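Each remark here refers to the structure printed beneath this line.
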Amino acid sequence: MEFQNNLTYARQLDAEDNLAHFRNEFHLIKDKIYLCGNSLGLQPKAARAAVEQEFSDWEKFGVEAHFDGKNPWFYYHQFLTEKTAHLVGARPVEVVVMNNLTTNLHLLMVSFYRPTKSRFKIIMEGGAFPSDQYAMETQVRFHGLNPEETIIELLPREGEHTLRTEDILATIAKHGESLALVMMGGVNYYTGQAFDMERLAAAAHAVGAYAGFDLAHAAGNLDLQLHDWNIDFACWCSYKYLNSGPGGTSGVFIHERNATDITLPRFGGWWGHEESTRFKMLKGFKPTPSAEGWQLSNAQVFPMAIHNASLEIFERAGMHRLRAKSEKLTGYLEFLLQEGNNKNDFEIITPNNKVDRGCQLSLLFKDNGKQIFEKLLRYNILADWREPNVLRMSPVPLYNTFEEMWLTAQAMSQ
Ligand SMILES: *Cc1c(COP(=O)(O)O)cnc(C)c1O
């Protein structure tokens, strides 16, 4: 794609953008260019009314809103199922919205990490998001194993910043029959690298291991096809690219072959029990034969109301179309940054090939990164600083514009 570095051209790209109107569906931060959608997405205007609907049913019906409310709470999680399935390329039976991300990661490990004497290792990214590191470390200790001997951390080659698929595949093959699980991010939070989930899952399966993904930075960012890619399980939070508010609820994917297997070990709760007898309060846990069979508790209606309002926007925009715009928007920012007069102060460590990244660009600075981040703040541009020296910028196709990319690059160059 041939881009041009001028404001008229940037505005022309916005004028040609058939998704541009979605920007009006969000509360933009006054006078700011918001590039932190990877951290906390902006508020959909529809979120407030969605929550107020539930306040109003609670006020009017009390407990009876579970069945008599406009959106009966007994079934509330199910109102999100179809949209979630579309979002991540899954069948409805494979997804459920519940809890929070790290909680779900642990619940899924209960089913998919059952180490034996000979098969116990976990492969993960070196420097994974801390919550994932702590979850893996404590799961391993819970089984009485030593994390040092159990968790294999993938590291980039000397002088490189991201992982090569061939190296990940070689590591999987090397550990072979001792490998229980490949547990990776879909997109790395620090470098912005997207992984070839389909190939990694196939390689894990070839040695008899499971493949699971933390999609915190991939859901609502990449055009995921979890069912077809044959992923075993995945989970993600809803407050980053999915714009569902701080501490928002989480999504879970469990491949059909596992989701319908009610013999798979798990931790149970009444909401995972089969729906028809749930309120009979009988002894003996009978899981629902779907991802819903991993639920513990009744639906968190308020965070789910927000999430449902947000998913409705994704449903209309379509992940396929959003991804096409996203590639162009991020490509434009990358082009402009490389034309800037301080382009030698940093290196973009996010892969430059669009299949190997989502919307985020990570700029690694030699020394003056923090000053550049503060300068952007003075120009009312909100990016994200990660110690010790990385500036992350995430243009979001639902609400960022090509003009904002141009203004950001101008500010960088000042
Ligand atoms: C954001 C993020 C989390 C946060 O976990 P919560 O349980 O939602 O607090 C965990 N893992 C990754 C990879 C993340 O990007």
Side-chain angles (χ1 to χ4, degrees), residues 19 26 29 32-42 87-88 101 125 127-132 156 160-163 184-197 213-224 236-244 314 319 322-338 340 343 346-365 369 372-373 376-377 381-402 404-409 411-412:
L19 298 175
F26 289 86
I29 312 289
K32 284 216 161 74
I33 294 178
Y34 193 76
L35 299 176
C36 291
N38 59 337
S39 186
L40 183 76
L42 291 179
L87 181 80
V88 299
L101 171 55
E125 307 145 83
F129 192 90
S131 203
D132 301 50
E160 298 184 8
H161 299 289
T162 51
L163 297 167
M184 305 271 293
V187 173
N188 182 276
Y189 83 101
Y190 193 73
T191 64
Q193 177 178 22
F195 296 105
D196 188 337
M197 293 178 239
F213 290 89
D214 181 329
L215 302 176
H217 283 264
N221 181 11
L222 302 182
D223 192 3
L224 301 164
W236 54 92
C237 54
S238 64
Y239 48 83
K240 291 171 180 167
Y241 296 108
L242 295 176
N243 312 317
S244 302
F314 280 87
M319 210 45 240
L322 282 170
R323 176 63 175 153
K325 173 176 173 183
S326 172
E327 287 174 0
K328 195 163 162 186
L329 195 61
T330 294
Y332 191 47
L333 178 63
E334 179 185 41
F335 160 82
L336 294 169
L337 290 174
Q338 284 165 343
K343 60 175 185 270
F346 60 85
E347 177 187 352
I348 300 179
I349 58 172
T350 308
N352 60 9
N353 185 355
K354 61 184 190 255
V355 303
D356 297 323
R357 70 183 184 202
C359 68
Q360 172 183 323
L361 293 180
S362 300
L363 283 54
L364 175 70
F365 281 83
I372 301 281
F373 167 70
L376 289 178
L377 278 181
I381 297 165
L382 211 55
D384 174 280
W385 179 251
R386 288 286 127 167
E387 293 294 342
N389 47 17
V390 164
L391 182 67
R392 303 187 302 173
M393 296 179 174
S394 298
V396 167
L398 275 174
Y399 50 73
N400 285 123
T401 65
F402 291 91
E404 288 178 327
M405 300 307 109
W406 190 82
L407 292 168
T408 299
M412 285 280 288

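Please read these numbers as outputs of a predicted model, since none were measured by experiment.
- A distance of 13.0 Å separates CG of Leu363 from CZ of Phe373, quoted to the nearest 0.5 Å.
- Inter-residue side-chain proximity for Leu35 and Asn400 is flagged as met; some heavy-atom pair is nearer than 4.5 Å.
- The shortest distance between side-chain heavy atoms of Met412 and Leu376 falls below 4.5 Å.
- The line from CG of Leu391 to CH2 of Trp385 is 6.5 Å long, rounded to the nearest 0.5 Å.
- Side-chain contact between Asn188 and Phe195: present, with at least one pair of heavy atoms (C-beta onward) separated by less than 4.5 Å.
- Residues that satisfy the side chain to side chain contact (heavy atoms under 4.5 Å, CB included) test with Asp384, not counting sequence neighbours, are Cys36, Ser39, Arg386, Arg392.
- No side-chain donor-acceptor contact under 3.5 Å links Thr191 to the backbone of Thr162.
- Between Phe346 and Phe365, the ring-plane angle classifies as tilted under the 30° and 60° cut-offs.
- For the pair Lys240 and Phe129, the cation sits on the ring face: its NZ or CZ lies under 6.0 Å from the ring centre, inside 45° of the axis.
- Listed for the Thr408 side chain is a donor-acceptor partner under 3.5 Å among the backbone atoms of Glu404.
- Across every non-hydrogen atom of Pro388 and Tyr190, the tightest pair is CD-OH, 3.6 Å.
- When side chains are defined from C-beta on, Asn243 counts as touching Tyr399, because their heavy atoms get closer than 4.5 Å.
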*Evaluate the criterion side chain to side chain contact (heavy atoms under 4.5 Å, CB included) for residue pair Val396 and Tyr34; output intermediate values, then yes/no.*
CA-CA 9 Å; Val396 167; Tyr34 193 76; over 6 Å; no
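- Separation of atoms CD1 (Ile372) and CD1 (Ile381) is listed at 11.5 Å; rounding is to 0.5 Å.
- Contact of the Leu333 side chain with the Leu361 side chain is registered, since non-hydrogen atoms from C-beta on lie closer than 4.5 Å.
- A heavy-atom distance below 4.5 Å is not found between the side chains of Arg357 and Val187.
- Remark: Glu327 pairs with Arg323, Lys354 by the side chain to side chain contact (heavy atoms under 4.5 Å, CB included) rule, at least two apart or across chains.
- Between the side chain of Thr350 and the main chain of Ser362, a donor-acceptor pair closer than 3.5 Å is present.
- A perpendicular orientation is assigned to the rings of Tyr241 and His217, their planes being inclined by more than 60° (bins at 30° and 60°).
- Of the inter-residue distances, the one linking Ser238 atom OG with Leu101 atom CG reads 9.5 Å to the nearest 0.5 angstrom.
- Although no hydrogens or angles enter the test, the distance criterion places a donor-acceptor pair under 3.5 Å between the side chain of Asn221 and the main chain of Cys359.
- Between Phe314 and Leu398, the closest heavy-atom pair is CZ-CD1, 3.6 Å.
- Proximity of Leu222 to Met319: side-chain heavy atoms (C-beta onward) are nowhere separated by under 4.5 Å.
- Tyr189 contributes atom OH, which lies 9.5 Å from atom CD of Glu125 (distance to the nearest 0.5 angstrom).
- Leu163 CG to Met184 CE: the interatomic distance, rounded to the nearest 0.5 Å, is 6.0 Å.
- Among all heavy-atom pairs drawn from Cys237 and Leu242, the shortest one is O-CD1, 3.8 Å.
- At a threshold of 4.5 Å between non-hydrogen side-chain atoms, the residues Phe335 and Met405 do not count as touching.
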